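Below you'll find the structure, written out as C-alpha cells, and then a few comments.
The analysis underlying the following values was restricted to heavy atoms, covering all of them including side chains, and did not include hydrogens, waters or symmetry mates. Remember, predicted model here, so these are calculated numbers, not experimental data.
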Amino acid sequence: MEKITRRSFVNKFGLGVGASVVMTTLPSFLTETEKTHKPYTGKKLNIALCGLGNYASLLAEGLQVSEYCQLTGIVTGTPSKATTWKKKYNIPEKNIYNYENFDAIAKNKDIDLVYVVTPNALHKEFTVRAAKAGKHVIVEKPMAITVEDCEEMIKVCNENNVQLAMGYRLHYEPNHLEVKRLGQEKVLGQVRYIETGLGYSTYDIRDINKPVDLNVRNEWRLTKKWAGGGPLINLGVYCIQISRYVLGEEPIAVTAQFGNVNNKNRFSEVEENITWQMEFPSGAVANCSSSYGFGIDRFYAAADEGFFEMSPAVSYGPFVGKRSDGKPFNFPVINQQQTQMDEICKVILANQKLPNHITGEEGIKDVRIINAIYKAAETGKKVSLK
C-alpha cells in the first residue's frame with residue numbers, strides 16, 4: 001500500500017497551470033469583469049513568504065507566473081531552507097529573514113506584503129508583526145485558532161493601515177464560482193441539502209502501531225498546540241466555505257460527531273475523523289465530513305428541481321462538475337495560487353479596499369463555526385450560532 005502524505009496528496013491531485021484569469025462570463029466573487037485580458041505591465045507587489053512548508057512551494061510556483069505580484073523575500077526558521085530557496089528563486093540575502101529578526105522587515109522597501117503560511121498557531125503572531133512593520137498580509141486558512149486571535153489580527157491591521165487578506169484560492173476558481181451561482185441564483189430551485197467532504201489518508205495502515213514523534217517539525221498538524229485541531233480545522237474549512245457560499249447564508253446551528261480513532265499513536269491529540277451538520281435559515285442542511293484517515297473529495301447539492309455536484313471538489317483539482325439537467329459544466333483549469341494572488345494584489349495596487357469575502361471578516365466567520373463544531377462534538381449537543 002502506498003503511503004500517502006500531504007505532499008503526495010497535493011502531487012496526486014495536482015494543480016492546473018493554465019489560464020491566468022477566471023472566466024469572466026461567470027457571476028463571481030470578483031469585483032470587476034473583463035471582456036478581454038491585456039497583459040499587465042505596471043508595478044508589481046513584492047511578496048515575502050513566511051513559513052516555507054509544502055504549500056509555500058506551490059505559492060512560489062504561482063508567483064513565478066503572476067502578473068501583479070512577485071516573490072522577493074522569504075521568512076523561515078530553517079537555515080537550510082533559506083539556502084535552498086535563495087538559490088532556486090534568486091532571492092537577495094537582504095530579503096531573507098528568520099523568525100527572530102523578522103521585525104527588521106519594516107525597513108525593507110523591497111517587500112510590500114507578507115504571506116503567512118506558518119503552522120496555524122503562528123498565524124496571529126506573524127500577521128500582527130507584519131502589520132506593525134507596515135506590510136499588507138495574506139494569511140492562510142484557518143485565519144487563527146481562536147476568535148480572539150482573529151479579532152486582534154483585524155484590529156492591528158486596521159490600526160496600521162494595511163490590508164488583511166485570506167488565502168481562499170477557491171473564491172476565484174471557475175467551478176466554484178459556478179456552484180455559487182447555481183445555488184444563490186436558485187438555477188435548479190432552492191438548495192435543500194448539501195453533502196461535502198475532504199480527507200486523505202496520512203498513514204500506511206501497515207504502520208498503525210508505529211510510534212509517532214509529535215515533536216518533529218513536519219508533524220505539527222497532529223499537535224493541538226500548533227494546529228488547534230485535526231482535519232476539521234485544516235481541511236473541513238473548505239467544506240464550511242462551499243456550503244456557505246453556495247447557499248449565500250450563514251449557519252444558525254451545528255451538531256457534530258468525532259469518528260473512530262484507528263491510529264491512536266498519530267491521533268493522540270487531534271481527531272482523525274469528524275462529521276458535522278450545519279443548519280441554515282432557509283431550512284437547508286449541510287452534512288460534512290473531514291478525515292486524516294481516508295480519502296474523500298466531493299460536493300453534492302440537492303435542489304427542488306435537480307442537483308449539481310463536483311468530484312474532485314474542494315482539493316486542488318482539476319475539478320469535475322455535473323448538473324442533473326445535463327447542461328455543460330466545463331471550465332478552464334487555472335493556476336489557483338496565481339489567480340488568487342493576482343486578484344488580491346490587483347486591488348491593493350489600485351489603492352482599493354479588498355471585498356469582505358477575501359478579508360479577515362470572512363476568516364473569522366469560519367473560525368467561529370469551527371469552534372462551534374468542536375464544542376458540539378465534545379458535548380454531544382447542538383450548538384447555536386445565532
Side-chain angles (χ1 to χ4, degrees), residues 5-10 47-60 73-82 84-85 96-103 105 113-131 135 137-153 156-157 164-169 198-200 202-203 212-238 240 266-272 274 290-292 316 337 360 363-364 366-367 370-371 374:
T5 63
R6 182 172 180 7
R7 179 181 294 275
S8 63
F9 176 81
V10 170
I47 293 181
L49 294 177
C50 179
L52 303 182
N54 293 341
Y55 191 64
S57 295
L58 298 180
L59 290 170
I74 54 174
V75 185
T76 179
T78 307
S80 60
K81 287 185 178 180
T84 300
W85 280 63
I96 299 175
Y97 298 88
N98 56 46
Y99 294 157
E100 286 70 39
N101 68 11
F102 173 77
D103 299 319
I105 204 170
L113 182 150
V114 174
Y115 197 136
V116 180
V117 209
T118 61
N120 303 339
L122 296 176
H123 285 185
K124 184 195 83 167
E125 176 186 343
F126 284 98
T127 295
V128 167
R129 290 171 73 179
K135 309 301 180 183
V137 182
I138 302 176
V139 62
E140 258 312 301
K141 57 78 197 160
M143 184 175 175
I145 291 176
T146 69
V147 170
E148 292 74 21
D149 282 354
C150 295
E151 291 172 340
E152 183 176 351
M153 292 159 72
V156 174
C157 286
L164 172 60
M166 289 295 305
Y168 288 132
R169 59 188 165 79
L198 180 60
Y200 51 92
T202 60
Y203 62 90
V212 178
D213 184 359
L214 297 183
N215 295 313
V216 176
R217 185 185 295 267
N218 63 3
E219 297 286 15
W220 66 266
R221 291 179 183 82
L222 301 179
T223 65
K224 185 82 169 179
K225 175 182 177 181
W226 295 112
L232 170 61
I233 196 168
N234 287 303
L235 301 177
V237 63
Y238 291 112
I240 293 169
R266 290 184 67 81
F267 303 104
S268 60
E269 294 190 20
V270 302
E271 76 277 5
E272 180 175 352
I274 187 169
S290 185
S291 176
Y292 281 165
Y316 295 101
Q337 287 72 24
I364 197 172
D366 282 336
V367 174
I370 288 168
N371 288 341
Y374 276 132

Please report the closest heavy-atom contact between Asp149 and Ala144, naming both atoms and the distance. CB-CB, 3.7 Å
The reported gap from CE in Met153 to CG in Leu164 (rounded to nearest 0.5 angstrom) is 5.5 Å
Across all chains, not counting sequence neighbours, the side-chain hydrogen bond (donor to acceptor under 3.5 Å, both in side chains) partners of Asp103 are Arg129
Taking ring pair (Phe, Tyr, Trp, His ring centres under 6.0 Å) as the definition, give me every residue that meets it alongside Trp226, ordered by chain and number, with sequence neighbours left out. none
Grab the two heavy atoms, one from Glu272 and one from Pro231, that are nearest each other, plus how far apart they are. O-CG, 3.5 Å
For Ala227, the side chain to side chain contact (heavy atoms under 4.5 Å, CB included) test, sequence neighbours excluded, returns Asn120, Trp220, Asn234
One should read off an interatomic distance between Lys81 NZ and Ser57 OG, to the nearest 0.5 angstrom, of 8.0 Å
Test of understanding: with side-chain hydrogen bond (donor to acceptor under 3.5 Å, both in side chains), list the residues that count as partners of Glu151, not counting sequence neighbours. none
Tell me, do Val156 and Thr127 make a side-chain contact under 4.5 Å, heavy atoms counted? no
Give a yes or no on whether the backbone of Val114 and the side-chain of Lys135 come within a donor-acceptor separation of less than 3.5 Å. no
Please check this pair: side chain of Glu152 against backbone of Lys124, looking for a donor-acceptor N/O pair closer than 3.5 Å. no
If you take all heavy atoms of Ile364 and Cys150, which pair is closest and at what distance? CG1-CB, 3.5 Å
With the side chain counted from C-beta on, respond yes when Met166 and Val139 share a heavy-atom pair under 4.5 Å apart, and no when they do not. yes
Under 3.5 Å, is there a donor-acceptor pair between the side chain of Glu140 and the main chain of Val117? no
Heavy-atom closest pair, residues Val75 and Asn98: CG1-O, 4.0 Å
If the condition is ring pair (Phe, Tyr, Trp, His ring centres under 6.0 Å), which residues does Phe126 pass it with, not counting sequence neighbours? Tyr99, Phe102
Side chains of Glu271 and Leu232 in contact at under 4.5 Å (non-hydrogen atoms): yes
Quick one: are Tyr203 and Val212 in side-chain contact, heavy atoms under 4.5 Å? no
Can you see which heavy atom on Leu235 is nearest to which on Ser291, and at what distance? CD1-O, 3.8 Å
Answer yes or no: is there a side-chain heavy-atom contact under 4.5 Å between Tyr292 and Arg221? yes
Quiz item: cation-pi between Lys224 and Tyr374, 6.0 Å / 45°: yes
I'd like to check the side chain to side chain contact (heavy atoms under 4.5 Å, CB included) partners of Asp213; sequence neighbours left out, ordered by chain and number. Asn215, Val216
Would you give the length of the straight line joining atom CD1 of Ile47 to atom OH of Tyr115, rounded to the nearest 0.5 angstrom? 8.5 Å
Quick one: closest heavy-atom pair of Ala130 and Val137, and the distance? CB-CG2, 3.8 Å
When rounded to the nearest 0.5 Å, the distance separating CG of Leu59 from CG of Asn54 is 11.5 Å
Rounded to the nearest 0.5 Å, the OG1 atom of Thr202 sits from the CZ atom of Arg266 at a distance of 4.5 Å
Euclidean distance, Asp366 CG relative to Tyr238 OH, rounded to 0.5 Å: 11.0 Å
Where the side chain of Thr223 meets the backbone of Leu214, is there a donor-acceptor pair that is under 3.5 Å apart? no
Mind running side chain to side chain contact (heavy atoms under 4.5 Å, CB included) on Ile138 and Leu113 for me, showing each step along the way? CA-CA 8 Å; Ile138 302 176; Leu113 182 150; 3.8 Å; yes
